[in-house]
Amino acid sequence: MFSKRLSSIVFTLGAIRAAHGALTRRVACADGVHTASNEACCALFPIVDLLESDFFDGGECGEEVHESLRLTFHDAIGFSPTKGGGGADGSIIVFEDTEVNFHANLGIDEIVDAQKSFMANNNITITPGDFIQLAGAVGVSNCPGAPRLNFLMGRPLPVAASPDLLVPEPFDTVDSILARFSDAGFDAAEVVALLASHTIAAADHVDPTIPGTPFDSTPFIFDSQFFIETQLRGTLFPGNGPNQGEVESPLGGEIRLQSDSELARDSRTACEWQSMVGNQAKMQSSFQAAMLKLSVLGHNVNNLIDCSEVIPVPRPVVGTPHLPAGQVQSDIEQACATSAFPTLMADPGPATSVAPVPPS
């Protein structure tokens, strides 16, 4: 049922684009540089330029990108047909005093405050819900290998804070995580697709003694190393672990969330997890589709304007799928019962530690 919902969203978006292409001509924007399929999208080009130059440090795939992508999820997943919440509506910014105090949103206050200040200092008038999703999509475009995410504009202002306990936590069970996502309209395969975000992510608060510790060895590249390295046998804690929500990692300087480890090994998700290994095209398309669905939670796409054309095109992926130096194929903990884990070459040399993500 949920895959049908996603297909419906993608089909509707495709139909909107086809109709615009067939019935309208491109509009020349007032800046004399850009054109757009809808005049409303023209206002976004200068915002994108400012985000790239000032907020993302000239187009880097760094800490601000990681945190902006995290914020898209934490704002949007605050949605439940039975418990309430407006989804991707910007409530986490508008009702900051409430939502940033939820345990699952620990540390989110920094990127909330940064985005609020950026909007105020640059007189940005799009709604917070739109800005959160725009910043996330623009930020991801700076990471080599990432898909070009969709951006739809027109989210209204939120009317209330999201209820607590709607954001999954790394110490939650697989049963709990899948149930929470199912309540929001996502199936197990879409959960795995969304977790591709961890290929360009890091943890600041799971172990506060080592902030900026990444989830894989290539945290500035959108590649399948995250799906490979979560399947390696854990041997150590990179800091003072174990901490709540943390299990052993295979590499020094790399942290592993309990939820990622268990989803990688659960019969309901293990084969989908493994299918991402070395399959850049699937990672990209699955993540793009799941992020589109996430970004419009709580909204009718027919009431939004497709401005995806303003999102920059990411650069190609860098590198090839591999085992980290010092690892061998037998270090993989096979979990998919229906197919073998792909055979991978290891980087040459002795085992090394992963460098932390520099703080913003």
Side-chain angles (χ1 to χ4, degrees), residues 2 65-116 128-129 131-133 135-136 139-140 155 158-188 190-198 200-208 211 215 243-246 255-263 266 269 287 290-299:
F2 300 126
V65 170
H66 302 164
E67 293 302 312
S68 293
L69 179 56
R70 182 186 180 213
L71 188 60
T72 65
F73 173 74
H74 282 246
D75 184 51
I77 202 63
F79 168 82
S80 168
T82 57
K83 299 179 178 67
D89 62 355
S91 65
I92 201 166
I93 283 181
V94 175
F95 300 100
E96 176 186 7
D97 290 346
T98 297
E99 293 194 34
V100 299
N101 291 312
F102 298 162
H103 186 270
N105 289 337
L106 181 65
I108 207 82
D109 58 313
E110 294 181 8
I111 189 63
V112 166
D113 290 342
Q115 290 198 6
K116 283 178 67 174
F131 185 78
I132 287 172
Q133 298 303 323
V140 167
R155 296 165 186 80
V159 297
S162 167
D164 197 1
L165 305 179
L166 294 184
V167 181
E169 302 233 44
F171 51 79
D172 289 342
T173 65
V174 173
D175 285 348
S176 174
I177 291 169
L178 294 182
R180 170 75 274 272
F181 274 100
S182 178
D183 180 53
F186 293 85
D187 63 20
E190 291 166 338
V191 173
V192 174
L194 286 172
L195 284 170
S197 61
H198 283 185
I200 49 171
D204 288 328
H205 297 282
V206 174
D207 186 339
F215 299 128
N243 297 280
Q244 186 181 39
E246 178 190 13
I255 198 166
R256 178 179 291 174
L257 299 183
Q258 173 188 320
S259 52
D260 288 343
S261 178
E262 292 180 358
L263 283 161
D266 190 275
T269 46
F287 184 66
M291 282 297 294
L292 169 59
K293 184 171 177 177
L294 180 77
S295 73
V296 297
L297 272 181
H299 304 285

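Between atom OG of residue Ser68 and atom CZ of residue Phe73 there is a gap of 15.5 Å, rounded to the nearest 0.5 Å. Here the straight-line distance linking atom CD of Gln133 with atom CG of Leu292 works out to 10.0 Å at 0.5 Å rounding. To the nearest 0.5 Å, the span separating CD1 on Ile177 from CG on Leu195 amounts to 8.0 Å. Between the CD1 atom of Ile92 and the CD1 atom of Ile132 there is a distance of 6.5 Å, given to the nearest 0.5 Å. We find the CD-NZ distance between Glu190 and Lys293 to be 3.5 Å, quoted to the nearest 0.5 Å. Distance check: His205 NE2 to His103 NE2 gives 11.0 Å after rounding to the nearest 0.5 Å.
The closest side-chain donor-acceptor pair between Ser91 and Asp89 falls under 3.5 angstrom.
In plain terms, the two heavy atoms of Ala196 and Phe287 that are nearest each other are CB-CD1, 4.0 Å. Minimum interatomic distance between Gly136 and Thr72 (heavy atoms only, all atoms of both residues): CA-CG2, 3.7 Å. Residues Pro168 and Phe181 come closest through the heavy atom pair CG-CE1, 3.9 Å. Across Ala88 and Ser295, no two heavy atoms sit closer than the pair CB-O, 3.3 Å. Between Pro170 and Gly245 the shortest heavy-atom distance is CB-O, 3.8 Å. Considering every non-hydrogen atom in both Ser80 and Leu166, the closest pair reads CB-CD2, 4.1 Å.
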After noting the C-alpha distance and the side-chain angles of Leu297 and Leu294, does the key distance pass the side-chain contact (heavy atoms from CB on, under 4.5 Å) rule?
-> CA-CA 5 Å; Leu297 272 181; Leu294 180 77; 4.1 Å; yes
Before giving the answer on side-chain contact (heavy atoms from CB on, under 4.5 Å), spell out for Met291 and Leu69 the whole-Å C-alpha distance, their side-chain angles and the decisive distance to 0.1 Å.
-> CA-CA 10 Å; Met291 282 297 294; Leu69 179 56; 3.8 Å; yes
Apply side-chain contact (heavy atoms from CB on, under 4.5 Å) to Leu71 and Val112, showing your working.
-> CA-CA 8 Å; Leu71 188 60; Val112 166; 3.8 Å; yes
Go through the steps to decide whether Ile111 and Arg70 satisfy the test side-chain contact (heavy atoms from CB on, under 4.5 Å), and finish with yes or no.
-> CA-CA 9 Å; Ile111 189 63; Arg70 182 186 180 213; over 6 Å; no
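Counting heavy atoms from C-beta outward, Glu99 and Ile108 have side chains that stay 4.5 Å or more apart. At a threshold of 4.5 Å between non-hydrogen side-chain atoms, the residues Ser162 and His74 do not count as touching. Contact annotation: the side chain of Leu194 approaches that of Phe186 to within less than 4.5 Å [non-hydrogen atoms, C-beta and beyond].
Not one N or O on the side chain of Asp204 forms a donor-acceptor pair closer than 3.5 Å with the backbone of Pro211. Checking side-chain atoms of Thr269 against main-chain N and O of Leu263 turns up a donor-acceptor pair under 3.5 Å. Asn243 places no side-chain N or O within donor-acceptor distance of the main-chain N or O of Asp207, the cut-off being under 3.5 Å.
A salt bridge links Asp183 with Arg180: the distance from a Lys NZ or Arg NE/NH1/NH2 to an Asp or Glu carboxylate oxygen falls below 4.0 Å.
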